[in-house]
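Working notes, beginning with the structure itself.
Every number for a ligand or one of its atoms is a count from 1 in the order of the listing.
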Amino acid sequence: MKRISVPRVHCILSAADDLSLLPALVEAGVDGFQVRAKDLDGRALTALTERVVRDVRPGGAVVIVNDRLDVALAAGADGVHLGATDLDVAAARRVAPDLLIGATCRSRADVEAAAGGGADYAGFGPVGASTSKAGLPDPLGVAAVTAAAGVLPLVAIGGIEPRTAADVVAAGAHGVAVIGAVWRQPDPVSAAKELVAAIG
Ligand SMILES: Cc1ncc(COP(=O)(O)OP(=O)(O)O)c(N)n1
Ligand SMILES: Cc1nc(C(=O)O)sc1CCOP(=O)(O)O
Ligand SMILES: [Mg+2]
């Protein structure tokens, strides 16, 4: 089976977000949703992912599950995003030859390793300062995107808002992943439209 394309705007969501907005976010041009719900057990995460798939797939958007390959497969999602302490990319690829697989990368060497394991994209960051996650390393900056580009599609993450989205794409990123730039805005759908317009 042909693997689907890597989305350009990844909206990272949890059960706490206003999920009634999902179809409108797809309409606004968001083409990827990552289900990231650290507090949910496997069953609840599967149910949440199934709901997101139901809401966004009719509009053509892709659903990626953070951390959990088993949940991605069980829920019929399109992909999984793996971090440094999750299942190894090569092991995930053996189990799921057709799934979209993303890997967190913080350097060009990380991107090369992820590509060697069979990843489809690198979640590259943190590019800027983020208040959405504790314990992140210092921001890499936009120049690091250019230094890491050309191996895998880079999805820039960390403090991305419309202006920085345009900057990272100009620097060689394929797309962006965001939490605050959508969910912490007074009008998440208008904010998503701005983000989509910014990446061109
Ligand atoms: C697109 C994208 N890039 C990086 C991350 C970070 O993933 P991870 O290292 O697994 O950390 P958590 O998100 O699980 O805290 C991501 N989620 N998405
Ligand atoms: C979940 C996550 N992972 C990151 C990483 O660099 O690994 S940065 C991040 C948070 C992204 O949220 P915001 O768009 O609000 O900064
Ligand atoms: Mg993760």
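- Scanning all protein heavy atoms for the shortest distance to atom 14 (O) of ligand 2 gives Ile179 N, 3.0 Å.
- For the pair Arg106 and ligand 2, a heavy-atom separation below 4.0 Å is found.
- Checked against a 3.5 angstrom limit, the closest N/O atoms of Ala181 and ligand 2 fall outside it.
- Between Ala177 and ligand 2, no N or O atom pair is found at a separation short of 3.5 Å.
- Using a 4.5 Å heavy-atom threshold, the side chains of Pro7 and Leu100 count as touching.
- Atom 11 (O) of ligand 1 has Lys133 NZ, 2.8 Å as its closest protein atom, hydrogens excluded (heavy atom only).
- For the pair OD1 of Asp67 and OD1 of Asn66, the angle at the Mg ion (ligand 3) is about 100°; rounding is to 10 degrees.
- The closest non-hydrogen atom to atom 10 (C) of ligand 2, taken over Ser130, Pro139, Ala129, comes from Ser130.
- Residue Gln34 places a heavy atom under 4.0 Å from ligand 1.
- At a heavy-atom cutoff of 4.0 Å, ligand 2 is contacted by no atom of Ile12, backbone or side chain.
- At the top of the distance list for atom 8 (S) of ligand 2, counting protein heavy atoms only, stands Leu136 CD1, 3.6 Å.
- Listed by number with element, the atoms of ligand 1 under 4.0 Å from a non-hydrogen atom of Asp67 are 10 (O), 14 (O).
- There is no side-chain donor-acceptor pair under 3.5 Å between Arg68 and Thr46.
- What sits closest to atom 13 (O) of ligand 1 on the protein, heavy atoms only, is Arg36 NE, 2.7 Å.
- The atoms of ligand 1 that sit less than 4.0 Å from any heavy atom of Lys38 are 12 (P), 14 (O), 15 (O).
- Among all protein heavy atoms, the one lying closest to atom 15 (O) of ligand 2 is Ser132 OG, 2.4 Å.
- Scanning the protein heavy atoms around atom 2 (C) of ligand 1, the nearest turns out to be His81 CE1, 3.3 Å.
- The Mg ion (ligand 3) has no N, O or S atom of Thr104 under 2.8 Å away, backbone or side chain.
- Side chains of Val127 and Val142 form a contact here, defined as non-hydrogen atoms less than 4.5 Å apart.
- The protein heavy-atom contact nearest to atom 6 (C) of ligand 1 is Thr104 OG1, 3.3 Å.
- For ligand 2, none of its N or O atoms has an N or O atom of Arg36 under 3.5 Å away.
- Among the atoms of Asp86, no N, O or S atom is found under 2.8 Å from the Mg ion (ligand 3).
- Counting the atoms of ligand 1 from 1 in the order shown, those under 4.0 Å from a heavy atom of Gly83 are 8 (P), 9 (O), 10 (O).
- Looking at atom 9 (C) of ligand 2, its nearest protein heavy atom turns out to be Ile157 CD1, 3.8 Å.
- For the pair Arg57 (side chain) and Gly60 (backbone), a donor-acceptor distance under 3.5 Å is absent.
- Using a 4.0 Å cut-off between charged side-chain N and carboxylate O, Arg108 and Glu112 make a salt bridge.
- For ligand 2, the polar-atom distance check against Pro126 finds a nitrogen or oxygen pair separated by under 3.5 Å.
- Annotation for ligand 1: atoms under 4.0 Å from non-hydrogen atoms of Ala177 are 1 (C).
- Atoms of ligand 1 lying under 4.0 Å from at least one heavy atom of Ile157, given by number and element, are 2 (C), 3 (N), 4 (C), 5 (C), 16 (C), 18 (N).
- Close contacts between ligand 1 and Asp86 involve ligand atoms 10 (O) [criterion: under 4.0 Å to a heavy atom].
- Of the possible polar contacts, one joining the Asp31 side chain to the Arg8 backbone as a donor-acceptor pair under 3.5 Å is found.
- In terms of modelled atom types and a separation under 3.5 Å, the side chain of Asp55 and the main chain of Pro23 share no donor-acceptor contact.
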